Peer 1: 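Here's a structure for you.
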Amino acid sequence: VLLERDKRGVGRTDIISTVEFNHTGELLATGDKGGRVVIFQQEIENKSQPQFRSEYNVYSTFQSHEPEFDYLKSLEIEEKINKIRWLPQKNAAQFLLSTNDKTIKLWKISERDKRPEGYNLKEEDGRYKDPNTIMSLRVPVLIPMDLMVEASPRRVFANAHTYHINSISVNSDNETYLSADDLRINLWHLEITDRSFNIVDIKPANMEELTEVITAAEFHPHQCNTFVYSSSKGTIRLCDMRASALCDKHSKLFEEPEDPSNRSFFSEIISSISDVKFSHNGRYMMTRDYLSVKIWDLNMENRPVETYQVHEYLRSKLCSLYENDCIFDKFECCWNGNDSVVMTGSYNNFFRMFDRGQRRDVTLEASRENSKPMQVLKPRKVCAGGKRKKDEISVDSLDFNKKILHTAWHPQDNIIAVATTNNLYIFQDKVN
Amino acid sequence: MSAIAAMEVNAEARRILAVSISKLYASRTQRGGLRLHRSLLLSLVMRSARDIYHSSRESECQSSEERMDTSSDPEEGQQQPGMPEPQTTLISSEPAQEEPDSADEECEITEDKENLSPTRQSRKRRGKASAAPDFLPIKRARLEPGEERYAAPPSCCRSGAGDSLIALSLNRVIPAF
């Protein structure tokens with residue numbers, strides 16, 4: 001897949017913490033460590049023509065979450081946006097859910113491009129007229145104005161999580177959604193903020209017996225009763241909400257036995273799943289652990305159907321990666337629109353794509369220095385050991401501070417959004 | 001396992017233990033509070049390192065018994081001198097120095113916590129190796145010529161500072177939530 005680059009360097013100092021396209025791909029939302037949400041909108045030049053080029057421009061910016069202080073526990077609650085999920089569009093306005101560690105908010109983003117003029121009782125500047133001066137009546141008219149995009153918080157879902165929220169997922173019924181923290185998953189109704197149902201609780205009676213935590217959760221794209229959650233032990237549980245109110249017993253447990261030859265001090269850390277995503281068709285799910293991406297068939301629990309090594313050359317460096325904390329990095333993964341390609345990030349601003357059908361993979365780099373706008377991205381290669389070929393990069397010269405944790409794929413087209421530490425890159429398929 | 005290999009594994013295990021403890025300590029001051037997932041992973045690594053440390057120590061003990069040296073255990077000799085100030089970075093430090101440093105650090109963490117007392121008094125904590133917390137540098141008897149060092153039984157009180165650190169850290173990491 002050759003890509004033409006249409007870069008959008010945002011240049012903010014805040015670190016991007018989540019990236020999400022909406023259901024049509026027209027809007028792209030990013031959340032950052034400072035609690036801000038920036039939404040980009042696609043401006044399409046000549047979409048009717050075969051070689052259209054799209055640009056994403058800033059559409060709306062707002063402060064979603066502020067830092068808070070929990071007085072009971074003497075803890076600061078970070079304003080960092082952990083996840084954003086869009087609701088499918090029902091009317092002219094757009095809605096999204098954004099969450100930090102403790103509180104989920106529903107935001108309405110609406111456009112205003114007309115304003116009323118010609119009130120009977122008010123002047124244009126808003127002052128009230130003296131009623132005695134009014135001699136005639138007229139109907140106010142709507143006249144065009146410069147587009148204004150307003151974001152307003154419509155719901156605040158608070159105080160339901162003791163631990164840190166890692167996931168939110170909107171149900172296919174468009175009425176409910178789930179939120180997951182380290183030990184519990186709650187089910188909410190979008191209209192009701194003062195209560196939620198707890199559907200998974202893995203907190204042990206004695207916390208000393210804790211052996212695993214929930215790392216991600218997602219609703220099935222079509223089956224409103226089904227959701228999955230992944231754990232720090234590398235397992236995925238599929239639950240059916242029809243089975244019981246509390247879904248502590250899973251319907252399916254997906255787990256691959258560990259390869260004993262790979263055992264090390266850090267085996268447990270690297271098997272922890274950092275992200276789980278259903279395929280668009282709902283037949284598969286993908287998980288990301290530290291070194292690999294696995295595709296699971298929902299009908300087969302004992303092993304994944306496909307495994308892709310993201311950066312196997314790091315396996316011998318786990319001790320250093322533990323020391324510099326990189327081993328705790330949580331990479332996300334995503335599917336393309338027709339589930340034929342999956343993508344995930346790595347270090348040195350590299351990101352990887354795996355073409356499932358053609359059994360090909362490619363490593364690309366998101367950086368200003370190495371490519372210019374409109375230029376085709378050059379595939380990169382990391383030299384694991386031995387003689388380094390020209391254009392290859394040795395493992396030791398990788399920059400572990402430049403990590404791509406968040407990526408997103410347009411739901412229909414071959415447009416991807418890749419977030420480096422504080423820049424957002426948008427790449428588009430080159431059309432010949 | 002040969003004596004040399006056991007020592008290397010032992011040193012590696014101790015280094016990882018020390019790094020883990022410093023991460024644990026650092027995470028307490030992190031913005032947003034203690035992260036359960038991260039603390040759990042740290043405690044798992046410490047547990048593995050502790051187990052490996054134990055088993056390599058045992059094989060070390062066994063092989064040093066065979067040697068019947070007149071001098072004391074080499075690592076022990078390095079632990080004796082002084083109590084260096086707590087380190088902030090542990091990346092490239094001498095493995096043998098880690099323990100007294102971390103012992104010092106752990107000492108600072110745990111001494112002024114009131115809920116340390118139950119741990120101290122209760123010597124029957126099921127599942128945790130060390131019964132007696134030992135903040136002081138290891139004081140192991142020097143071997144007299146002709147003496148043998150017996151392998152420590154699993155529930156031995158004075159199995160070493162590293163072990164007690166781990167026991168304490170593991171005890172305290174998760175219940176802190």
Side-chain angles (χ1 to χ4, degrees), chain A residues 33 67-70 73-80 82 100-102 161-166 181-184 202-204 206-216 230-233 263-274 290 318-325 327-330, chain B residues 8-24 26-53 56 89-93 95 98 118-119 125-128 167-177:
Chain A
K33 210 167 160 226
E68 283 175 56
F69 198 78
D70 181 339
K73 296 184 191 169
S74 280
L75 281 183
E76 202 180 353
I77 300 170
E78 276 192 280
E79 67 277 28
K80 172 166 79 88
N82 293 336
N100 69 348
D101 283 336
K102 298 285 182 184
H161 286 279
T162 309
Y163 303 95
H164 297 108
I165 297 174
N166 52 55
D181 66 28
D182 294 310
L183 297 179
R184 298 191 178 100
I202 63 167
K203 183 176 178 181
N206 181 1
M207 278 296 269
E208 285 184 31
E209 289 161 22
L210 182 74
T211 54
E212 68 182 324
V213 298
I214 297 169
T215 53
S230 60
S231 84
S232 53
K233 270 191 172 171
R263 192 103 187 82
S264 76
F265 283 116
F266 309 105
S267 300
E268 279 136 336
I269 300 190
I270 63 169
S271 64
S272 177
I273 292 174
S274 52
Y290 191 64
L318 293 180
C319 200
S320 326
L321 293 166
Y322 179 69
E323 286 173 27
N324 67 14
D325 266 2
I327 207 173
F328 298 102
D329 285 335
K330 295 188 182 160
Chain B
E8 281 176 2
V9 170
N10 188 316
E12 179 73 2
R14 279 211 319 253
R15 193 166 74 86
I16 290 176
L17 279 173
V19 169
S20 307
I21 288 170
S22 76
K23 283 188 191 296
L24 208 52
S27 66
R28 288 165 189 241
T29 52
Q30 219 173 44
R31 212 170 154 245
L34 278 170
R35 304 245 150 211
L36 185 61
H37 186 197
R38 186 184 160 93
S39 304
L40 179 67
L41 294 178
L42 284 174
S43 68
L44 289 174
V45 170
M46 294 200 301
R47 212 165 289 208
S48 302
R50 179 192 68 180
D51 295 342
I52 300 206
Y53 174 76
S56 70
T89 57
L90 294 161
I91 306 290
S92 53
S93 32
E98 304 283 345
T119 313
R125 271 204 106 85
R126 187 177 62 81
K128 307 300 172 199
L168 280 166
S169 307
L170 294 176
N171 285 352
R172 298 178 50 70
V173 169
I174 305 301
F177 293 90

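As the structure is a computational prediction, the values presented were derived from the model and not from experiment. In what follows, chains carry the letters A, B, and so on, assigned in the order in which the sequence lines appear, proteins first and then strands, with residues in each chain numbered from 1. As a basis for the values below, the full set of heavy atoms in this structure was taken, side chains included, without hydrogen atoms, waters or symmetry mates.
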Peer 1: Ignoring hydrogens, what is the shortest heavy-atom contact between His164(A) and Gly32(B)? Give both atom names and the distance.
Peer 2: NE2-O, 3.0 Å

Peer 1: Rounded to the nearest 0.5 Å, what separation is found between the CG atom of Leu41(B) and the OG atom of Ser232(A)?
Peer 2: 6.0 Å

Peer 1: Among the options Lys330(A), Lys73(A), Glu68(A), pick out the one with the most heavy-atom pairs lying under 4.5 Å from chain B.
Peer 2: Lys330(A)

Peer 1: Verify side chain to side chain contact (heavy atoms under 4.5 Å, CB included) between Glu323(A) and Arg15(B), making sure each step is shown before the conclusion.
Peer 2: CA-CA 10 Å; Glu323(A) 286 173 27; Arg15(B) 193 166 74 86; 2.5 Å; yes

Peer 1: Find the distance between CZ (Phe265(A)) and CG (Leu17(B)) and round it off to the nearest 0.5 Å.
Peer 2: 8.0 Å

Peer 1: Do Arg35(B) and Phe328(A) come close enough that some side-chain heavy atom pair is under 4.5 Å?
Peer 2: no

Peer 1: With the side chain counted from C-beta on, respond yes when Leu210(A) and Leu36(B) share a heavy-atom pair under 4.5 Å apart, and no when they do not.
Peer 2: yes

Peer 1: Please identify, among Leu75(A), Val213(A), Asp325(A), the residue contributing the most non-hydrogen atom pairs under 4.5 Å to chain B.
Peer 2: Asp325(A)

Peer 1: Is there a side-chain contact between Leu40(B) and Lys233(A), using heavy atoms and a 4.5 Å cut-off?
Peer 2: no

Peer 1: Atom NE2 in His37(B), atom OG in Ser231(A): separation rounded to 0.5 Å?
Peer 2: 8.5 Å

Peer 1: Does Gln30(B) reach the side chain of Glu78(A), with side-chain heavy atoms less than 4.5 Å apart?
Peer 2: no

Peer 1: Side chain, backbone, both or neither: which part of Thr215(A) has an atom under 4.5 Å from a heavy atom of chain B?
Peer 2: side chain

Peer 1: Taking only residues two or more places apart in sequence or in another chain, which ones pass salt bridge (Lys or Arg N to Asp or Glu O under 4.0 Å) with Asp51(B)?
Peer 2: none

Peer 1: Considering only heavy atoms, which portion of Ile214(A) lies under 4.5 Å from any heavy atom of chain B: side chain, backbone, both, or neither?
Peer 2: neither

Peer 1: Is Asp181(A) in contact with chain B via its backbone, its side chain, both, or neither, using a 4.5 Å heavy-atom distance?
Peer 2: neither

Peer 1: Do Ser20(B) and Tyr322(A) come close enough that some side-chain heavy atom pair is under 4.5 Å?
Peer 2: yes

Peer 1: If every non-hydrogen atom of Glu268(A) is compared with every non-hydrogen atom of Ser48(B), which pair is closest and at what distance?
Peer 2: OE1-OG, 3.6 Å

Peer 1: Tell me every residue that passes side chain to side chain contact (heavy atoms under 4.5 Å, CB included) with Ile165(A), counting only those two or more places apart in sequence or in another chain.
Peer 2: Thr99(A), Ile104(A), His161(A)

Peer 1: For Thr211(A), is it the side chain, the backbone, both or neither that has a heavy atom under 4.5 Å from a heavy atom of chain B?
Peer 2: backbone

